[in-house]
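Structure first, then comments.
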Amino acid sequence: MDNYQEKESAPRIIRLDEIGSTNGYLREHLRKEKLPEGSVVMAGFQTAGRGQQGNTWEAGPGKNLLFSVVLYPDCIPANRQFLISQIAALSVKEALERRTDGITVKWPNDIYWKDKKICGMLVENDLMGATLFRSIIGIGINVNQTAFTPHAPNAVSLVQITGKTHDREEILDAFLSRFYGYYLRLLQEKEEEIREAYRQVLYRKNGYHPYSDADGPFTARIRDIEPTGHLLLQLKSGEVRRYAFKEVIYR
Ligand code: BTN
């Protein structure tokens, strides 16, 4: 973030042992004090970790990397807010792939190792008029947790994959350096570069796979991700179906 560190102060990192949710803490903190762009809240444990769609997010004490980052992307139109999810997903993928093969991004912003979930994201965007005003990007990476509750049957961690523990701060550093770099590219309007990088790392990028929607199961291939974040699936008949998040299930 070299350029904009000159006009703003450097991002802060707030480390907490235990908190309800890093997304919630960051939002509350920002009501009292504006933090520099790119600032982070990380916690060793969350008592009320939040997942997508009102789900909870569970992680053992001191085991995983749980953090939230704030951006003020006021030049990004509301209908392009998916770019924030894309740069966050790319940055996690690149931070993890130094430690293991097999990392992909499952649309819209889960990070997978093979067919299992190693990281989830909760991106909360606040709009002002037609542009983004603030984005809180909450990320939970399964790092050193050796077992998961039956609520998360598809979860996997780095320690399970590699057989050794990993330094959470090193992973955070790797993430942040990439994330700030991608954000600068976004501010420099390199949107197509970001979209193409995202396409290249998609889970199920190639070939036909089973899905289901409100009308039932079907087989399709990923045709594209629209700038709005919609997923386009193409059936063997040539028919193309368009989905918002949660309108389609990967079977
Ligand atoms: C998902 O359901 O996949 C999203 C999970 C997001 C979890 C992270 S952990 C850090 C941040 N704080 C939260 O309360 N949630 C996110």
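Numbering of residues begins at 1 and proceeds along the displayed sequence. Since the model is a prediction, treat every value here as computed from it, not as a measurement. Atoms considered below: every heavy atom in the structure, side chains included; atoms not considered: hydrogens, waters and symmetry mates. When a ligand or atom number is given, it counts from 1 through the structure's own listing order.
Between Arg195 and Glu226 there is no salt bridge, since no side-chain N of the basic residue sits under 4.0 Å from a carboxylate O of the acidic one.
Within 6.0 Å of NZ in Lys63 there are 12 or fewer heavy atoms belonging to other residues, nucleotides or ligands.
For ligand 1, the atoms sitting less than 4.0 Å from at least one non-hydrogen atom of Asn23 are 11 (C), 12 (N), numbered in the order shown with element in parentheses. The ligand atoms of ligand 1 that sit less than 4.0 angstrom from a heavy atom of Ser21 are 12 (N), 13 (C), 14 (O). For ligand 1 and Gly140, the ligand atoms under 4.0 Å from any heavy atom of the residue are 8 (C), 9 (S). Under a 4.0 Å criterion applied to the non-hydrogen atoms of Gly49, ligand 1 contributes the atoms 14 (O). Of all atoms in ligand 1, listed by their number and element, those nearer than 4.0 Å to a heavy atom of Lys117 are 1 (C), 3 (O). Taking every non-hydrogen atom of Gly51 and a distance limit under 4.0 Å, the qualifying atoms of ligand 1 come out as 1 (C), 2 (O), 4 (C), 5 (C).
Considering only non-hydrogen protein atoms, atom 9 (S) of ligand 1 sits nearest to Gln46 NE2, 3.4 Å. Here the protein heavy atom with the shortest distance to atom 6 (C) of ligand 1 is Arg50 O, 3.5 Å. The protein heavy-atom contact nearest to atom 2 (O) of ligand 1 is Gln52 N, 2.8 Å. Among all non-hydrogen protein atoms, the one lying nearest atom 5 (C) of ligand 1 is Trp57 CE3, 3.3 Å. The nearest protein atom to atom 11 (C) of ligand 1, hydrogens excluded, is given as Thr22 OG1, 3.2 Å; this is a heavy-atom distance.
Neither the backbone nor the side chain of Gln53 comes within contact range of ligand 1; no heavy atom lies under 4.0 Å.
The aromatic rings of His29 and Tyr25 sit tilted, their planes meeting at an angle between 30° and 60°. Between Trp107 and Tyr250, the two ring planes are parallel [angle under 30°; tilted spans 30° to 60°].
Residue Ile139 places a heavy atom under 4.0 Å from ligand 1.
A 4.5 Å side-chain heavy-atom check between Arg242 and Val240 finds every atom pair outside the cut-off.
Annotation: cation-pi geometry satisfied between Arg204 and Tyr211 (NZ/CZ under 6.0 angstrom from ring centroid, within 45° of ring axis).
In summary, of the residues considered (Tyr182, Tyr183, Phe67, Tyr180), a ring pair (Phe, Tyr, Trp, His ring centres under 6.0 Å) with Phe175 occurs for Phe67 alone.
Of all heavy-atom pairs spanning Tyr203 and Ile222, the tightest one is O-CD1, 3.6 Å. In this structure, Val159 and Gln145 approach most closely via the heavy-atom pair CG1-O, 3.5 Å.
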